[in-house]
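In what follows, chains are A, B, ... by sequence order, proteins preceding strands, each numbered from 1.
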There are 2 protein chains.
Amino acid sequence: MGQQLAFCGDRPKSRPAPARSPDVSAVRHLRLFDDLDLEAQADILRLARPQRLGPGEAPLRQGDAPDLVFLVLSGRFKAVQVTSEGAQVVTRLVGPGDLMGHVAVLNDKPHSATPIAVLESLVLAWNCDDFMEAMRRHPGFAVAVMRGMAASIQEAHTRLREAATERVEQRIAHAVLRLARQAGRRVANGVEIAFPLTRQDIALMTGATLHTVSRTLSAWEHQGLVDGGRQHLVLRAPWVLARIAGGAAGGEETIASAGRPSGE
Amino acid sequence: MGQQLAFCGDRPKSRPAPARSPDVSAVRHLRLFDDLDLEAQADILRLARPQRLGPGEAPLRQGDAPDLVFLVLSGRFKAVQVTSEGAQVVTRLVGPGDLMGHVAVLNDKPHSATPIAVLESLVLAWNCDDFMEAMRRHPGFAVAVMRGMAASIQEAHTRLREAATERVEQRIAHAVLRLARQAGRRVANGVEIAFPLTRQDIALMTGATLHTVSRTLSAWEHQGLVDGGRQHLVLRAPWVLARIAGGAAGGEETIASAGRPSGE
DNA sequence: CGACACCTTGAAGGCTATCAAGGTCGGTGG
DNA sequence: CCACCGACCTTGATAGCCTTCAAGGTGTCG
């Protein structure tokens, strides 16, 4: 009882003295800090160390012992899991306000995926002992972290259901709609996915091959549903994609033939 | 800031006075209470109300507003998610020490699955406000809850990877091995799944049809890898199944041809 | 302007769902 | 006790979705 667990694995405690504690104003707007008063925010931030990552860089690697916990301030990451046979999956997309590495720390197991930056990104890093201590000292923080984990679980279960019950075209539709919701930017033609996204990436998110993804997007482009391009995607008719995702076979569906919702 | 969130949805707070607070001894051995001293355990249990469920019964239903959080003391549940088209998935298996309903409560969204008892089961129920309050008052409890959620996330991501990269036979192998780990009981012939499990259940866990599952299990039974039966399964050669799960095509593999591990 | 990464498109084949037709077990009521 | 019924399981045949194999096209960066 009351047994102390080694949350950071068994490696020596390396606590690099924060060069300078980040400013509270940088995180005030994040939902993770909604519940906390200024004092608590400052207390938690005092232990954090900012870090900058360019596209392709990773703050931690699959298989590493848990050591640090990261909070994304800006930019975006894709969490890639590689199997022993070399097959890959993108387990989730990580954006501002999301944590990385906390699952492994809480589980006391090696990291199960490598988060790779797809944009110039800024993160905060905590030594994992400090992170655990912050949660113990500020229950509101712990609850906020749990909220994020709960959302993560629901998303994973949703994707699990899609993978088990849907055809490839539906899964791709769901995937791009989810991308638009998580990282979409309104543009003239519709909604643009606001980071470089290859066909291969979509394939890794949907359990399809890049060939099938390419074919599907080509078909959609011919129907005017999307604008494709090199590492680039614009959803011109999200409502039609939603109908495809919902189970309608698609068939001869065009932009005009589907009732455009008045709201939104 | 400090804005109070409606964790229980907007329904009136119904707090049925606990008939009698459950005994601390019933939960002492659960990992969820490892970190807590006796006083904290008692404080948390004081708010809980025991409840008994028979096979087929569900403590909550998919789509319901979050209201209560449950802790399984004994028995077992399968969490079933149904899509609008009627397709079903089993998102997870819930056993002693696991929570139910907490994800929806933390997310403040309707329950995303219905946990159905597959055995006579005993659970503890908390009003969700009380549950949140317990976590705020006892950070160690919050951390323990998070540990369970972290495990849940890793399992979901693992299954996501399997669904995306593996053939049906491999997925079934992984599924039955996971079942054996979570609900296995050593018997003379090997390891028995210790609750009634239909082919359909396995199909809902793996994204296959019950026909394919039946065919696969029949083939395994002919090879002596498993003993099948009505709602019944015994793994005679888990190490061979592990090899099948690991990617080996199986082919002419028999019990004898695979090196039996010395340990365990 | 050459090389690399990304994308497109065709053809063939296999894995699995689907359709179809029973078989078997266990409980229930007469 | 026995017959019936429902739930669960098995096995064949067929069809089709999607992967796999193959061959190029295209955009971008150094």
For every nucleotide of nucleotides 7-17 of chain D, 5' to 3': is a protein heavy atom under 4.0 Å from its base (B), only from its sugar-phosphate (S), or from neither (-)?
-> BBSBBBB---S
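- Remark: the backbone N or O of A:Thr91 is paired with a side-chain donor or acceptor of A:Arg159 at under 3.5 angstrom.
- As rounded to whole Å, 13 Å separates atom P of C:dA17 from atom CD of B:Glu169.
- With 3.5 Å as the limit, one finds no donor-acceptor pair spanning the side chains of A:Gln231 and A:Gln200.
- For the residue pair B:Glu57/B:Gln51, the side-chain donor-acceptor check at 3.5 Å is not satisfied.
- Shortest non-hydrogen contact noted between B:Ala150 and A:Met149 is N-CE, 3.4 Å.
- Not one side-chain nitrogen or oxygen of B:Thr209 sits closer than 4.0 Å to the OP1 or OP2 atom of C:dT16.
- Separating the CZ atom of B:Arg171 from the P atom of C:dC15 is a distance of 14 Å, rounded to the nearest angstrom.
- Between the side chains of A:Glu166 and A:His174, a donor-acceptor pair is found at a separation under 3.5 Å.
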